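For ligands, and for the atoms within them, numbers begin at 1 and follow the listed sequence. What you see is a predicted model, and the numbers here were worked out from it, not measured in a lab.
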Amino acid sequence: MAVLEEPIVDLQNVSVTFQSGGKSLHAVDKVNLQINKGDIYGIIGYSGAGKSTLVRTINLLQRPTEGKVIVGGKPLLELSNAKLRQARKKIGMIFQHFNLLNSRTVLGNVEYPLLSQSISKADRRAKAKELLDLVGLSEFEQSYPEQLSGGQKQRVAIARSLANDPDILVSDEATSALDPKTTDDILKLLKRLNQRLGLTVVLITHEMQVIKSICQHVAVMDEGKIIERGDVAKVFANPQQALTQNFVDSSANVTEALAQIKADQGLQSLSPNERLLFLKFRGQATKQSLISDLTELYKLKANILFANIERISDTSIGYLIIVLSGQSKQLADGINFLSQHGVDVKLLATEKKGDQADVKTNIS
Ligand SMILES: Nc1ncnc2c1ncn2[C@@H]1O[C@H](COP(=O)(O)OP(=O)(O)OP(=O)(O)O)[C@@H](O)[C@H]1O
């Protein structure tokens, strides 16, 4: 759905400090975050970055130590308990482990949030059935959670989170326990709900694929702070922070390939006229035949150990890990040639000079 220029979530200077063992831990540190109505906003970071703590301030499941939490124009910290309860109903939440009631049927789980509403039993039932239909689980209304797969359980949790017609859905690692195909199905469902119901989705994850597949905007979090944010394609196509770059690299399986190459004994046989290189191509550089130019212009041979392309919106980032071999002057000239053509070149390993034929590596 179209994102409106109207913040539905407005966190101003929000901090959460925990006291443990006589020490203060700044789980969230003076964060400002505005999320517009209709957006699908992803927050990415490694474990412990503060993502859960931050999103839990949106419905005051976690009260901030300082700052303002304004949701739908209302300053939540200033509301009476009754008004806060009403405001919270407009913020649905789903979790990694679904949090379903095992003693209740699927239908019973979806009806549960409506029990405190003053609506008739028939209307409550009709609403729950409608929601189960929306998430594609009508046939399972009399089943119990333990009879369902992980993906189905998450669909029940999504239906339940929609019972009070929320404006915002907060997803706390909702796909982390699911396999890739089921993850994809759940993300598509969230996208469909965003488009059909105009639901604003705020999701946290440690996986870039999740962000790439449905989010319009992203914030990268580290040590309680947002270190980079913006349009998903812009942030990931041109990361300004090393951590953001790490997410892009691991999404392209580069991190894994580097670890494998490091562990590989074949690396030990690098000879003095060989260089192990990590090349990153972006923009124009992905469209040129630079590797074959190395052979023609510098008589160098390139043995490709790993190749991949990460597509982010209309930008491609190419990754190559190669062993380049040739005479040392030409190796230096060839590497220079690549750099001059906009390729990011990292020398991963070279034979160590001296008596021993050890390999010196830069793979981190
Ligand atoms: N109730 C609490 N009391 C004390 N420390 C806490 C509490 N909740 C979270 N923390 C700490 O705050 C920091 C941020 O935790 P948080 O769960 O928000 O991170 P996260 O990015 O969501 O990571 P994860 O994905 O592992 O949950 C961590 O160091 C965590 O141990």
Side-chain angles (χ1 to χ4, degrees), residues 9-35 40-69 71 76-77 88 91-99 150 153-154 157-158 161 168-180 182-183 186-187 190 200-215 217-230 232 235-236 239 241-251 255:
V9 176
D10 185 6
L11 304 182
Q12 298 178 6
N13 208 27
V14 163
S15 294
V16 179
T17 305
F18 295 113
Q19 303 298 337
S20 81
K23 285 190 183 157
S24 297
L25 181 104
H26 301 288
V28 174
D29 196 1
K30 299 191 174 66
V31 167
N32 285 294
L33 178 66
Q34 284 74 38
I35 298 174
I40 305 188
Y41 200 109
I43 299 170
I44 190 167
Y46 288 122
S47 183
K51 308 179 296 295
S52 283
T53 309
L54 178 68
V55 296
R56 287 157 64 90
T57 65
I58 295 174
N59 57 3
L60 297 193
L61 259 183
Q62 174 65 57
R63 284 191 165 255
T65 323
E66 67 168 301
K68 285 189 179 167
V69 176
V71 177
L76 296 197
L77 287 159
R88 274 181 166 158
I91 310 167
M93 196 154 182
I94 53 173
F95 305 89
Q96 181 177 357
H97 297 298
F98 325 120
N99 298 8
K153 284 183 198 166
Q154 197 55 284
I158 291 170
S161 76
I168 303 166
L169 178 65
V170 177
S171 163
D172 186 347
E173 298 273 7
T175 56
S176 295
L178 305 175
D179 63 57
T182 313
T183 292
I186 294 293
L187 294 177
L190 294 181
T200 304
V201 179
V202 184
L203 66 82
I204 64 174
T205 180
H206 57 275
E207 291 175 289
M208 194 183 119
Q209 286 303 332
V210 169
I211 303 276
K212 255 181 69 185
S213 71
I214 61 163
C215 296
H217 292 94
V218 63
V220 182
M221 225 180 149
D222 187 31
E223 295 187 348
K225 293 185 192 297
I226 292 179
I227 58 166
E228 191 159 4
R229 70 178 91 201
V232 168
V235 168
F236 287 130
Q241 301 291 332
L243 180 70
T244 316
Q245 185 66 60
N246 275 353
F247 281 114
V248 179
D249 292 351
S250 50
S251 166
T255 317

### Protein residue, atom and distance nearest to atom 27 (O) of ligand 1, heavy-atom basis
Ser52 OG, 3.9 Å
#### Entry: Under-4.0 Å protein heavy-atom contact, atom 15 (O) of ligand 1
yes
#### Entry: Atom indices of ligand 1, in the order listed, that fall short of 4.0 Å to a heavy atom of Tyr46
21 (O)
### Query
Looking only at side chains, do His26 and Glu223 share a donor and an acceptor under 3.5 Å apart?
no
### Task
Only one of Leu33, Leu11, Asp29 passes side-chain contact (heavy atoms from CB on, under 4.5 Å) with Ile226; say which it is.
Leu33
#### Entry: Least distance between heavy atoms, Arg88 atom then Leu61 atom
NH2-N, 4.0 Å
### Task
May I ask you to identify the nearest protein heavy atom to atom 18 (O) of ligand 1, giving residue, atom name and distance to one decimal place in Å?
Thr53 OG1, 2.5 Å
### Message
Checking a contact table here: which protein heavy atom is nearest atom 25 (O) of ligand 1, and how many Å away?
### Response
Lys51 NZ, 3.5 Å
### Query
How long is the span from the CD atom in Gln209 to the CD1 atom in Ile211, to the nearest 0.5 Å?
10.5 Å
### Message
Evaluate Ile204 for polar contact with ligand 1, using N/O atom pairs at a separation under 3.5 Å.
### Response
no
### Query
For Gln96, which residues count as a side chain to side chain donor-acceptor pair (under 3.5 Å) partner, sequence neighbours excluded?
none
### Summary
Nearest non-hydrogen protein atom to atom 9 (C) of ligand 1, with distance, is Phe18 CE1, 3.5 Å
### Query
Counting heavy atoms only, which of Ala27, Gly48, Gly224 comes nearest to atom 20 (P) of ligand 1?
Gly48
### Task
Determine the minimum heavy-atom distance between Leu77 and Arg63, stating which atoms define it.
CD2-NH1, 3.4 Å
## Note on the structure
Given the options Asp179, Leu187, Ile186, Thr183 meets side-chain contact (heavy atoms from CB on, under 4.5 Å) only with Leu187
### Query
Which atoms from ligand 1 have a heavy atom of Ala49 less than 4.0 Å away?
19 (O), 20 (P), 21 (O)
### Summary
atom 19 (O) of ligand 1: of Ser47, Gly50, Ser176, Gly45, the nearest heavy atom sits on Gly50
#### Entry: Contacts of Asp172 that satisfy side chain to side chain contact (heavy atoms under 4.5 Å, CB included) - sequence neighbours left out
Ser52, Met93, Phe95, Ile204
### Query
Who's the nearest protein heavy-atom neighbour of atom 31 (O) of ligand 1, and how far?
Leu25 CD2, 4.8 Å
